[in-house]
Participant: 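Sharing a structure below in structure tokens format, with a few things to ask.
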Protein chains: 2
Amino acid sequence: MARRVASTTGSADLDARKATILEAVVTEHIDTAQPVGSSSVATNADLSVSPATVRSEMVALERDGYLAQPHTSAGRVPTDKGYRYFVDHLSEASVGSSQQRQISEFFAHVRGEVEDVLEQTSTLLSELTNYTSVVVGSGHSRATILSAQLVNLDANHQLLVSVFSDGAVTKHSLFTNYTASPSDVTEASRQLHALLLGTSLESRVQVPSRTDTVASLVREAVALLHAVAPTVDGEQVFIGGSSRVAEAFDGVETVRKVLAILEQELLVVSLVQDVLDSGSAVAIGSENAYEPLASCALIVAPVTIDGQRAGAVGLLGPTRMKYREALAAAQLVSEQLSRHLLREDERV
Amino acid sequence: MARRVASTTGSADLDARKATILEAVVTEHIDTAQPVGSSSVATNADLSVSPATVRSEMVALERDGYLAQPHTSAGRVPTDKGYRYFVDHLSEASVGSSQQRQISEFFAHVRGEVEDVLEQTSTLLSELTNYTSVVVGSGHSRATILSAQLVNLDANHQLLVSVFSDGAVTKHSLFTNYTASPSDVTEASRQLHALLLGTSLESRVQVPSRTDTVASLVREAVALLHAVAPTVDGEQVFIGGSSRVAEAFDGVETVRKVLAILEQELLVVSLVQDVLDSGSAVAIGSENAYEPLASCALIVAPVTIDGQRAGAVGLLGPTRMKYREALAAAQLVSEQLSRHLLREDERV
DNA sequence: TCTGGCACTCGGTAGAATCGAGTGCTAACA
DNA sequence: TGTTAGCACTCGATTCTACCGAGTGCCAGA
């Protein structure tokens, strides 16, 4: 398991007692949102030592950057590094059985287009956890093309409609500076279909080199499709429960900043991708590449089809979020979603 | 112009001085978010009377429900009825020239699919006004069908892909409890295309009554398309600048509630529709059918193509929003958008 | 190495005093 | 009759103080 921040200071594992204390502080702070004092740690965590002992350990933990004091004579609060240690040493937890049922129930009955499933999944995840959820559906560059056609909207404006084996349908406008007759378009559409059928967006396709209208249409349509394909443009982002941002923070300004981020799909995609690349399942506070997320944690679980990344599900909450439950929920949902999409895929 | 609330108490127009005072109170309160006192009205509004006179008028305005006092010995605040009067008697204002340029600029250069245009329009509107914007694109029930095809995803799962004259592309999954061979699907697709070409979703279509697989496929596909069409399902909603909700209110709880509403597309559509139906351009506070919007105002301007409602643009802000500017912006954008869509449409 | 004891810090809360914006009322005035 | 100046009054907001207590750091003793 990655321990990015912890490793930067070269610190090894904490000894058992420090670890227990850190865990107690994190747990209680997540629960109460208040600084945690030595005495409550001494009583709650079942190490039979006095508050004074806990205190001296806390001093050490603060020195090493795991804890911080809002001000003298207040309790301790975990730092990002403290949360990081906590998360990295989290005992695996499974989601509650009622939630488990809710998830199975959902995937057993959900039906319809992939987009709808992804959107509903994002709502599900948000309702399960009470955090804002993010579902990213990656492009369909691996899917094969089942159908491609050109539809004549206008003498200079055709619509390229493609259907993919994963059930996706895309449309792209093709504007030409020459005029194509309806019959040209029909013929181009026929050729295009024959040409692209069974290929994927990653395939090389032999386009006609002739210069007549039909050939030009075909050439431009293929180029259009292949040009747009590999960009992030293909990524679909679904945000669920954005109103929960307002539950997670109590400063209106923080809420505004976080919402502003969620509005930018590209940014969200890249944040999620960063977490996936980091090798960890969570980005905590300043680990997020984006400053306004300093008080947020982003949990991400990949969605795969046949071992291929097909997207990701994520949860965005405050750094003091309930990592154990949220991680478990994200993981379970991503697994089930992967399985669900695979099943859809295999039908082809 | 409608004066829904005002008319409920049977009150006629206010006399000139009361109107001036009310306007002054509303204007200042919108600006400062503070209760407005008699003296500042006396100096700012250019009726040459003393604060005492203003005061006695304010008493009357409060009695009639246009103003309210947060507590004794505070200034006055407009009620929803007060805002309503203000809005109904608003002098027409045009948007600033720099904004006007921004809007023309936008519509001169925007290109691509309708959905993209609508989404970008919503961003534009939000940036122009600093309020959260709503753009609703209505269904394409009037548009004629340019193409319809069935694509075989699976023995029991076909995808119905339709292309409309307005450039819209829809897809619907068709699950059958019988098995259709690829050639059946191809044939059904051919028939379907011939059958639907040139019709609109409102047209009656003569479906084959035979019971063979192909006919069944055709019949079910037509039914599927026509069943889904007239529902609100066809409405597309684009929210722009949802983070600005957090700017408009300072209670996190209010922000949460409003965001929660914006998450429900159907609700948003119906709210917008309500305003359109009301005959006014704005729903203020409790005029909104939905209680959590009691502190919000919703401005709506219809988008039309050929006199037909094709959607709407809206702005959601606090009741103390800048009505004049926001109304002007919404109106101008809706006009330009209508023109833009019409141009797209006429090309067909 | 741990612990109990203790002085100390400092944010939060409660209460009192004060301030002042704004009101309502009244009596006089045009 | 409508308008105005004057004035007492109200009440939220602000400031100040005192004080409480949770929590700390340190130290001496077990």
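Chain letters run A, B, ... following the sequence lines, proteins first and then strands; every chain starts at 1.
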Participant: Anything under 4.0 Å to a heavy atom of chain B counts; send over the first and last such nucleotide of DNA chain D, read 5' to 3'.
Facilitator: D/dT3 to D/dG12
Participant: Roughly how far apart are A/Ile261 CD1 and A/Glu291 CD, rounded to 0.5 Å?
Facilitator: 8.5 Å
Participant: Can you tell me if the side-chain N/O atoms of A/Ser50 get under 4.0 Å from OP1 or OP2 in C/dT3?
Facilitator: yes
Participant: Identify, residue by residue, the members of residues 29-38 of chain A with a heavy atom below 4.0 Å from DNA chain C, and return them in order of residue number, or none.
Facilitator: none
Participant: Please name all residues satisfying side chain to side chain contact (heavy atoms under 4.5 Å, CB included) with A/Ala301, sequence neighbours left out, ordered by chain then number.
Facilitator: A/Val313, A/Ala330, A/Ser334
Participant: For nucleotides 24-28 of chain C, print each protein N/O atom paired with a nucleotide N/O atom at under 3.5 Å, atom names and distance only.
Facilitator:
residue: C/dG24; atom: OP1; partner: B/Arg76; partner atom: NH2; Å: 3.1
residue: C/dG24; atom: N7; partner: B/Arg55; partner atom: NE; Å: 3.4
residue: C/dG24; atom: O6; partner: B/Arg55; partner atom: NH2; Å: 3.1

Participant: Please compare B/Thr53 and B/His71 by the position of their nearest nucleotide in DNA chain D and report the one closer to 5'.
Facilitator: B/Thr53
Participant: Starting at NZ of B/Lys81, measure out to CG of B/Leu67 and round the result to the nearest 0.5 Å.
Facilitator: 10.5 Å
Participant: Indicate yes or no for a side-chain donor-acceptor contact from B/Ser122 to the backbone of B/Gly240 under 3.5 Å, with no hydrogens or angles considered.
Facilitator: yes
Participant: Hey, does B/Ser48 reach any base, or is it just sugar-phosphate, or nothing, if we go heavy atoms under 4.0 Å?
Facilitator: sugar-phosphate
Participant: Excluding sequence neighbours, so at least two apart, what forms side chain to side chain contact (heavy atoms under 4.5 Å, CB included) with A/Glu127?
Facilitator: A/Thr123, A/Arg244
Participant: Under a 4.0 Å threshold between the charged nitrogen and the carboxylate oxygen, would A/Arg84 count as salt-bridged to A/Asp80?
Facilitator: no
Participant: Applying side chain to side chain contact (heavy atoms under 4.5 Å, CB included), can you list everything that pairs with A/Gln102, at least two apart in sequence or on another chain?
Facilitator: A/Leu124, A/Leu128
Participant: Parallel under 30°, tilted from 30 to 60°, perpendicular over 60°: which one fits the rings of B/Tyr85 and B/Tyr66?
Facilitator: perpendicular
